[in-house]
Amino acid sequence: MSLIESGAHRRALRTLLLVWMGLLLLLAATASVSFLPWKDVHAAINLAIAMAKALLIGLFFMNLRSSSTLSRLIAAGGFLWLALLMTLSYLDVWMRGVK
Amino acid sequence: MSGNILFPPAAALEATRVDHLFYFLIGVSLLVVGGVGVLLIVFAVRYRRGHHVNRKWRRSHRGAIEYTWTIAPFLIFLTFFAWGAKLYVDLHSPERDALTIYGVGKQWMWKFEHPGGQREIDELHVPSGRPVRILLASQDVIHSFFVPAFRTKQDAVPGYLTSTWFTATQRGDFHLFCAEFCGTQHSAMIGRVIVMAPEDYAAWLERERPVESLASRGRALFRELGCSQCHQSGKTDLAPPLEGLFGREAALSDGRRIVADENYLSDSILYPDRQIVAGYEPRMPSFAGQIDATQLFALLAYIEVLGHVSEQP
Amino acid sequence: MSTIAAPSYLQAGHTLRTWYATSDHKRIAWLFLISMTAFFFVGGAAAVVMRMELVTPAGDLVSDETYNRLFTMHGVIMVWFFLVPSIPATLGNFLVPLMIGAKDLAFPRLNLLSWYLYAGGAVFVILTLLFGGVDTGWTFYAPYSTLFSNSNVVLAVTGVFVVGFSSILTGLNMIVTIHRLRAPGMTWFRLPLFVWSIYATSLILVLATPVLAMTLLLIAIERIGGIGIFDPSMGGDPLLFQHLFWFYSHPAVYIMILPGMGVVSEIIPCFARQEIFGYRFMAYALLAIAVIGFLVWGHHMFVSGQSMYAGLVFSLLSFLVAVPSAIKVFNWTTTLYKGCISFTAPMLYAIGFIGLFALGGTTGLFLATLAVDVHVHDTYFVVAHFHYIMVGGMVMAYFGGLHFWWPKMTGRTYSERWAQAAAIITFFGFNLTFFPQFLLGYLGMPRRYHAYPEEFEFLNVLSSAGASLLAVGYLLPLFYLARSMLRGESAPVNPWDATGLEWQTSSPPPVENFTTPPVVTQPPYQYTPVE
Amino acid sequence: MSATAFQESQPVSREEPIGTIGMWVFIATEVLFFGALFTAYGIYRHAYAESFASASHRLDFMLGTINTAVLLTSSFTMALAVLAVKARSRRATIAALAATVVLGAIFLGIKGLEYSHEFAEHLAPWRADASFAFGTGSAAHQRLFFNFYFAMTGLHAVHLVVGIGVVVGVSVMTLRRNAARVERLVEGTGLYWHFVDIVWVFLYPMLYLVGR
Ligand code: HEA
Ligand code: HEA
Ligand code: CUA
Ligand SMILES: [Cu+2]
């Protein structure tokens, strides 16, 4: 099978494997965060890990690493706009009680 | 000022202030947009096809022109913003000694309660010359308290409290509208605001005085609803005592400190787990959906009275 | 580049199937045009009944319940079934490939799917009408829409949900097309401003509409299953609904103006015989409006109980977004300077657009001014503001564009006289209808009122009188355009002597748009003002 | 890995196929579609932290974690399918696609198992009863959490079902046509599949790890 024959493919395959293992490691990490002390930062750690996972999937599985600038811009755009929605909505909700 | 076909009566301090801002906006807009309009017409006429005029034009300094009319409008807009913001902030900063009247929007009527317990429907009596704060709640959907003569408007939102305030200057009857669409009879949810001389208002209060004040109804409720089982004066084991709470800063378990105003109290009663008092378990049940807006106001009035009771150590 | 007589897209097949199963962007544009015109008149009929009701202070013509359903259906239909798709899905669909020198959109069959989704949404809206309408206002505010209304909210919301996906697909198609299918030499800064406007609009369509879809979905779920997200008794926050709704709907108002700006930017240079003033600023301004437009939604919530600080931020940003609009108005005006102006019907509409948009936009500034908005929020001042922009601006631009490209789309000419008359009647009818509403608003007449205090009667009568004139202005084109279609003289390739690739192919264009693939060597709008 | 070596198999022409761009735009809209719900969730998660935490403890942490692993693995096999189709290996492509479908189905199966427990415990919105309250916090807000849980995972599941359908369709086409002709399809489908996976990557901590 050419998949295994070509050297480039073997390397690509190895990258994917590594990424997959990385993802599972991150999953294990996030699942075990609850056993750590500092309860206040668990949510932040978990969010950061989720972002790392999403980044891995985006860069390697979705190939953003070697995509055109246009694709990257569009991919980033979606998240950027979501950030706008969240930021300004939360600005209201969290400042509502403040005098 | 009484109303005419262009302007409604201006019967409160705020009304005149808003009108002045409005005149300013109109003036500037007339200047700029009027100017643009005039140019539009002049160009259209002068450069119409078949009219022999000099059409040579070297478009030099183009960038400079464009930057000018990018920045200049923005500076003008900033003045609009600043003036509007100033008044808006004032509108959100009621004077400390304002008279608080409780208003409830309900499909399709306005109910008001004065601190003495006087109640009225679709009418609101207020004294002139004194800041009046209307604390608003809604029983069902969103309504909006709108008195054009005062240039004031505030939505009444189910689930939490909002407020607005004004100082009426002119005696008389003025329209009270519901400005937020609230269902079939939205346009019938109208009433009057009656601005009276302070003496007349006092007399009116006296005439309407009920047996019970708002706070004493609140006290009764406090017992009926079982609040007093946990909140006992001087005891801190089950729940924080509420004496001296109103107007003080409350320390929350997540480290925030919030001034215990009506909104905080209302949240504490309706959604206790939104803010948990430092040192306590979130054990208080939510009363959302169990008490109506009028009862909520009675409880608030009572807790407010407790606030003036001597500070417990 | 001249064209040899290839069969036009209109001759490419005459069976019904060649229309409803077509993937030709030009035919799909017609599918949209026809269905949207129908909805415009349905929405207009609702407005006519409303204006009749408002002639007298008492609510005597229709019941309060009916009135509420009328303005809701009017708003829903006019916004989602007429104005949002109006220019993008008709003129945009027809012209973008022509203007950039492409054979079709990037995804022709997706384009057809857009129309079917539109039609699917339309079915739900018609069902809503048949079952008695919906009474929440076009804004569907919770908790009224979720817990209290007993009208057909779920049906209506489903209709809008479905038509939203039509918007998204159109936007997606346009973005990819403009990025990837430009003819050789058609660089970004050689694009006609109309294409830029459709591009900016598409960004909004794609990024804002999904939020509306989710919001409406939540409304439907809440009504069916009681999910509690907007229900205060479960701890839900009604203002959250407003945030989500306006996150879509404020950008959506720019969906409803940017394409109009694009159309006007084509018409003005052509009939002033002059290059557009400040092309780059014009293009950047379109993008700036689209992007900054996402940051101002909270100006609809100044008295909603929103945090005061949020109010301040949203007000400031609202002024920021007005700057690029100001640039555009100034640049259009300057384009006329030392031009050689002929007052054809499209030009009359375009000039009308500038004036009415400037007025509507300026009153938008009044609304963005916090303390003033506190007074005029939810009054007829707001109603006047948005009709000035949406009807005085966008609908004018739409009619202008339709007349401008009519010869290209149909291959026929229309009666210039009648068209000029209609434009002028519309202009005066419009002002008579909506100017009094500014006064009503400042006087304090709340909107969505079925009956009102007597002192507002005079201005309301004026407004209703204007609406009848306006109706005439809108009905006229139906007749002379129909006549043109049936018996009009055939139009030359380039009747206005305009620049732009679309004017270089035959009228109407062949199926493949161009018989020889075009190559672009010039920036747009190379006009000279000498007679 | 050296850039040149990679290029032979995966032409880094900066111009992707037009369908890929289209898919990315579609994904951006999907981000905002789910994003609206996430925004809403964030507000209540912040306001009712206590209730959300105690409600979250009622979810099956074990099954949720396993499911995350399953879905991440399915993304991996999907990526393999793309690699295989680029190498023009039809058999490997189909094998990888089939694995993806199977993993997707396992995910749905586990999800269904969780749902059935939760139905039995009367946690679903329309079956919630008076005995809802557990742990600390308010019953109403715990219900709110569960409503979010069902709305978010439900919507995600719908996307996954669509994804499985598309992958099955693409596999059938791969069987019929040669690999070169389905390359873009596989790639586009892959993007969608990974996106659905990313949604879950966020749902997992947002739902299963609250207050842990
Ligand atoms: C196509 C539609 C469209 C457009 C383009 C706009 C454009 C703008 N709108 Fe409008 N708006 C609506 C449609 C639109 N609006 C609708 C439908 C509603 C009501 C929704 C509902 O509640 O049902 C609404 C409501 C609305 C509100 C809320 C009112 C309320 O409910 O209380 C506000 C408040 O800020 C506002 C502001 C603005 C501003 C600042 C702009 C700016 O973008 C305008 C910018 C343009 C200009 C400024 C004009 C040109 C500039 C010049 C000529 C420069 C010179 C001027 C000066 C120096 C003064 N709009
Ligand atoms: C988006 C586009 C759009 C357009 C084009 C229009 C067009 C018109 N609108 Fe619309 N309007 C809205 C969008 C639009 N509107 C929105 C979003 C609202 C807010 C809704 C809400 O509050 O929820 C609103 C609300 C609104 C109100 C306020 C209702 C209220 O708050 O109580 C009024 C009142 O005058 C009004 C009038 C008109 C008129 C006279 C026209 C005219 O321009 C219409 C002209 C068209 C015609 C006249 C058609 C001609 C057809 C015929 C003559 C056929 C007649 C047949 C029969 C009568 C059988 N509109
Ligand atoms: Cu109450 Cu409108
Ligand atoms: Cu807006």
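Below, chain A is the first sequence line, B the second, and so on; all start at residue 1.
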Practice prompt. Take D:Tyr41 and D:Leu207 through the test side chain to side chain contact (heavy atoms under 4.5 Å, CB included) and record every step on the way to the result.
Written response: CA-CA 10 Å; D:Tyr41 170 90; D:Leu207 297 172; 4.2 Å; yes
Worksheet item: What pair of heavy atoms forms the shortest contact from D:Met152 to D:Met206, and how long is it?
Response: CE-CE, 3.5 Å
Discussion item. Can you confirm whether D:Leu191 sits close enough to D:Glu187 that some side-chain heavy atom of one is under 4.5 Å from a side-chain heavy atom of the other?
Written reply: no
Worksheet item: Measuring heavy-atom distances to chain D, does A:Leu55 have an atom under 4.5 Å in its side chain, in its backbone, in both, or in neither?
Response: neither
Practice prompt. Show the numbers, then the answer: is there a side chain to side chain contact (heavy atoms under 4.5 Å, CB included) between D:Phe146 and D:Leu59?
Written response: CA-CA 9 Å; D:Phe146 269 96; D:Leu59 293 182; 3.7 Å; yes
Response to the item:
Taken to the nearest 0.5 Å, the spacing of A:Lys53 NZ from A:Leu25 CG works out to 11.0 Å
Worksheet item: Between A:Phe79 and chain D, which part of the residue has a heavy atom less than 4.5 Å away: side chain, backbone, both or neither?
Response: both
Discussion item. If we count only N and O atoms by modelled type, under 3.5 Å, do the side chains of D:Thr77 and D:Thr100 hold a donor and an acceptor together?
Written reply: yes
Worksheet entry | Nearest non-hydrogen partners of D:Ser74 and D:Trp193, listed with the distance | OG-NE1, 2.9 Å
Worksheet, complete the sentence: Nearest heavy-atom approach of D:Tyr115 to D:Thr153 is OH-OG1, 2.6 Å
Worksheet item: How close do A:Met62 and A:Ser67 get, heavy atom to heavy atom, and via which atoms?
Response: O-OG, 4.4 Å
Discussion item. Please output the residues of residues 194-202 of chain D in contact with chain A, using a heavy-atom cutoff of under 4.5 Å, in numerical order.
Written reply: D:His194, D:Phe195, D:Asp197, D:Ile198, D:Val201, D:Phe202
Worksheet item: Can you pull out the residues in residues 21-39 of chain D with any heavy atom less than 4.5 Å from chain A?
Response: D:Ile21, D:Trp24, D:Val25, D:Ile27, D:Ala28, D:Val31, D:Leu32, D:Gly35, D:Ala36, D:Phe38, D:Thr39
Response to the item:
Taking every heavy atom of D:Leu83 against every heavy atom of A:Ala12, the minimum-distance pair comes out as CD1-CB, 3.6 Å
Worksheet item: Using a cut-off of under 4.5 Å for heavy-atom pairs, which of A:Leu70, A:Val19, A:Leu36, A:Leu82 has the most such pairs with chain D?
Response: A:Leu82
Item to complete: Look at the side chain of D:Arg143 and the backbone N and O of D:Ser138, then say whether any donor-acceptor pair between them is shorter than 3.5 Å.
Response: no
Discussion item. Which heavy atom of D:Glu183 sits nearest to which heavy atom of D:Val85, and what is that distance?
Written reply: CA-CG2, 3.9 Å
Worksheet item: Hey, what do you get for CZ (A:Arg11) to OG1 (A:Thr15), rounding to the nearest 0.5 Å?
Response: 9.0 Å
Practice prompt. Between chain D and each of A:Asn46, A:Ile49, A:Val33, count heavy-atom pairs under 4.5 Å; write down the option with the most.
Written response: A:Asn46
Response to the item:
Applying a strict 4.5 Å limit to non-hydrogen atoms, the region of A:Leu23 in contact with chain D is both
Fill in: side-chain hydrogen bond (donor to acceptor under 3.5 Å, both in side chains) between D:Tyr44 and D:Ser51, worked out
CA-CA 10 Å; D:Tyr44 300 123; D:Ser51 309; over 6 Å; no
Fill in: Contact leader toward chain A among D:Tyr204, D:Tyr208, D:Phe76, where contacts are heavy-atom pairs under 4.5 Å
D:Phe76
Item to complete: Start with the C-alpha gap between D:Val210 and D:His57, add the side-chain angles, then the distance that decides, and say whether side chain to side chain contact (heavy atoms under 4.5 Å, CB included) holds.
Response: CA-CA 8 Å; D:Val210 187; D:His57 281 82; over 6 Å; no
Worksheet item: Just by modelled atom types, is the A:Ser68 backbone N or O under 3.5 Å from a matching donor or acceptor in the D:Glu16 side chain?
Response: yes
Discussion item. Among D:Thr65, D:Thr68, D:Thr73, which residue has the highest count of heavy-atom pairs closer than 4.5 Å to chain A?
Written reply: D:Thr73
Discussion item. For the backbone of D:Val170 and the side chain of D:Thr174, can you confirm whether one donor and one acceptor N or O come within less than 3.5 Å of each other?
Written reply: yes
Worksheet entry | Contact winner vs chain D - A:Leu27, A:Leu24, A:Leu47, A:Leu26, heavy-atom pairs under 4.5 Å | A:Leu27
Discussion item. Checking D:His46 now: which residues fulfil ring pair (Phe, Tyr, Trp, His ring centres under 6.0 Å) with it, not counting sequence neighbours?
Written reply: A:Trp94
Fill in: Winner by heavy-atom pair count (cut-off under 4.5 Å) against chain D, out of A:Ala28, A:Ala31, A:Gly58, A:Ala76
A:Ala31
Fill in: Segment of A:Leu17 engaging chain D (4.5 angstrom heavy-atom cut-off)
both
Item to complete: Hey, can you tell me if D:Tyr149 and D:Phe145 have their rings parallel, tilted or perpendicular (30° and 60° cut-offs)?
Response: parallel
Worksheet, complete the sentence: Honestly, the part of A:Thr30 sitting under 4.5 Å from a heavy atom of chain D is both
Discussion item. At a 4.5 Å cut-off on heavy atoms, which part of D:Thr20 comes close to chain A: side chain, backbone, both, or neither?
Written reply: neither
Item to complete: Tell me the residues of residues 106-114 of chain D whose non-hydrogen atoms fall below 4.5 Å from those of chain A, in number order.
Response: none
